[in-house]
Amino acid sequence: MSQTTPTVAVRPRDTSGPPPGGSEFAPLLRVVKGQDLLERRYGWYARVIALNALALAGVAAGVVLLGDTWWTLLLAPVLAVLCARTAFIGHDAGHAQITGSKAAGRLLGLIHGNLLLGMSYSWWNHKHTRHHANPNHIDKDPDVAADVLVFTGEQAKERTGFRRWLTRHQAWLFFPLTLLEGVALKVQGFKDLRRQSPEERSVEALLLVTHVAGYAALLLTSMTPGKALAFAALHQALFGLHLGLSFAPNHKGMEMPDVTGRPWGHLRRQVLTSRNIRGGLLTDWFLGGLNYQIEHHLFPNMPRPHLRLVQPLVRAHCRELGIPYAETGLVDSYRQALRHMREVGEPLRAEQGHI
C-alpha cells in the first residue's frame, strides 16, 4: 500500500462542466482507488485505539491514586483531551474508516461512544449520515437546523423571546455555549432511545447507564462530592469546548445550497460547503483529521491517515474544474465562522437599536 505523497492524475481541463456521460467526481475517484487510498489501515487504528485506551486507564488510575485533593482536578483537562480522541475514534468507526465490517464498526462505536463517553452511537450516526448527504442544506442537514444557533437570515427572523436575544449575540456566545456541549450530547443520546428499535435500545441504554454509573463511581469513591462535582464540571466543559473547536471551522460561513435551485453534484456539494484548516501533524492530532474536511466529505470512509495524502489530488482536481477550494488557518477559520453568525444576527441587533 503506497503511503507516499500521491502523484496528481486528473482529467484534462474542461471548464464546460461534467464530462459527457460522467460526473466531475468520477475521474478523481478512479485516481484515488488506483492509489489504494481507500484501503483500510488496521495497524494504524489498532495503535491509536490501544494508546488511547491505555491513556484513559492511566487517568482513571491517577484519579484513584491522587484521591481526595484539589490537585486531582489537574487531570480533568487531560481527560477532556483524551475524550475528544475517543470521540474521533467513534466518528471514524461510524464512517467505516476503521473496518469494512458493519458489526465490528458498530461494536467499536458502541464502546467508544456509549460506554466510554456516554454518547449514543446510534443517535450520532443517524444525525451525522444526514449531514454528510446534504451538508449546509437548510432543509436536510440537521447541523444547520434552527436550534440554539441559527445560520440564515430567514431562521433569524422567526426567533422570538429568549432565543431572539440569543441570536442577536450568538457570535459572542458561541464558544461559551460549547462548554455545555459535552453534557448536551449525552442528553440527546438518552432522548434518542425512543426512536431506536427495542433491540438497539436495550444495548444502547445499558451502555449509557453503565457509563454514567462508572463515571460517578470513579469520582465519588475517590473524592468528596464537592470535589467530584468540580472535576466533572471542568472535565465536561473542556470536553465540549474541544469538540466545538474541532467542529466550528468545518462548514459555518461556507456556501449553503439554494433549496430551489439546480442540485449540485457530489463534488460541488461537498467541496463548496466545506473548509479545510492548514497545519501540520499537531493540527491533524488536535482536530482528529477533521481539518481535512473537504477530503473527508468527498471520501467519508477513507482512513484518517490517508486524508493528508489525498489532499493534493483533490486540490488539483478542483483547480482544473475551477471549483473554489477553501483552506485557511485555524484562527482565521474561527474568525470566518463567527463573522457569519454575527452577520446572521445583525438585523436583530439593528432592530433592537431602533426600539
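All values below come from the heavy atoms of this structure, side chains included, with hydrogens, waters and symmetry mates left out.
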Do [X] and [Y] have side-chain N/O donor and acceptor atoms under 3.5 Å apart?
{"X": "H251", "Y": "H340", "value": "no"}
{"X": "K127", "Y": "Q188", "value": "no"}
{"X": "H242", "Y": "R85", "value": "yes"}
{"X": "H132", "Y": "H296", "value": "yes"}
{"X": "D332", "Y": "Q336", "value": "yes"}

Keeping [X] on the side-chain end and [Y] on the backbone end, is there a donor-acceptor pair under 3.5 Å?
{"X": "T72", "Y": "D68", "value": "no"}
{"X": "Y45", "Y": "R304", "value": "yes"}
{"X": "Q270", "Y": "L298", "value": "no"}
{"X": "H317", "Y": "L313", "value": "no"}
{"X": "R269", "Y": "A133", "value": "yes"}
{"X": "H306", "Y": "L37", "value": "yes"}
{"X": "Q155", "Y": "F151", "value": "yes"}
{"X": "R349", "Y": "R168", "value": "yes"}
{"X": "R163", "Y": "D147", "value": "yes"}
{"X": "K157", "Y": "T152", "value": "no"}

is_close_aromatic([X], [Y]), centroid dist under 6.0 Å:
{"X": "F247", "Y": "H91", "answer": "no"}
{"X": "F162", "Y": "W165", "answer": "yes"}
{"X": "Y215", "Y": "F231", "answer": "no"}

[atom2] on [Y] to [atom1] on [X], rounded to 0.5 Å:
{"X": "T283", "Y": "N276", "atom1": "OG1", "atom2": "CG", "result": "11.5 Å"}
{"X": "I294", "Y": "L267", "atom1": "CD1", "atom2": "CG", "result": "9.5 Å"}
{"X": "L348", "Y": "R159", "atom1": "CG", "atom2": "CZ", "result": "9.0 Å"}

Note to self: I want to check something: taking the side chain as every heavy atom from C-beta on, are H211 and N114 in contact at a cut-off of under 4.5 Å?
What the structure shows: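 Not touching, per the 4.5 Å side-chain cut-off.
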Hydrophobic clusters here meaning ILVMFWY residues chained together by side-chain heavy-atom distances under 4.5 Å, can you tell me if [X] and [Y] are in one?
{"X": "I277", "Y": "F175", "value": "yes"}
{"X": "L245", "Y": "L177", "value": "yes"}
{"X": "Y292", "Y": "I89", "value": "no"}

Notebook entry, point to check: Does a sphere of radius 6.0 Å around CH2 in W285 hold more than 12 heavy atoms from other residues, nucleotides or ligands, not counting ones at 6.0 Å or beyond?
Noted result: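 Yes, CH2 of W285 has more than 12 neighbouring heavy atoms, counting only those of other groups under 6.0 Å.
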Next item on the list: Determine whether more than 12 heavy atoms belonging to other residues, nucleotides or ligands lie under 6.0 Å from atom CG of L54.
Entry: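 Counting other residues, nucleotides and ligands, CG of L54 exceeds 12 neighbours.
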Checklist line | N-O pairing of R201 and E204 below 4.0 Å | finding: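 No, R201 and E204 are not salt-bridged.
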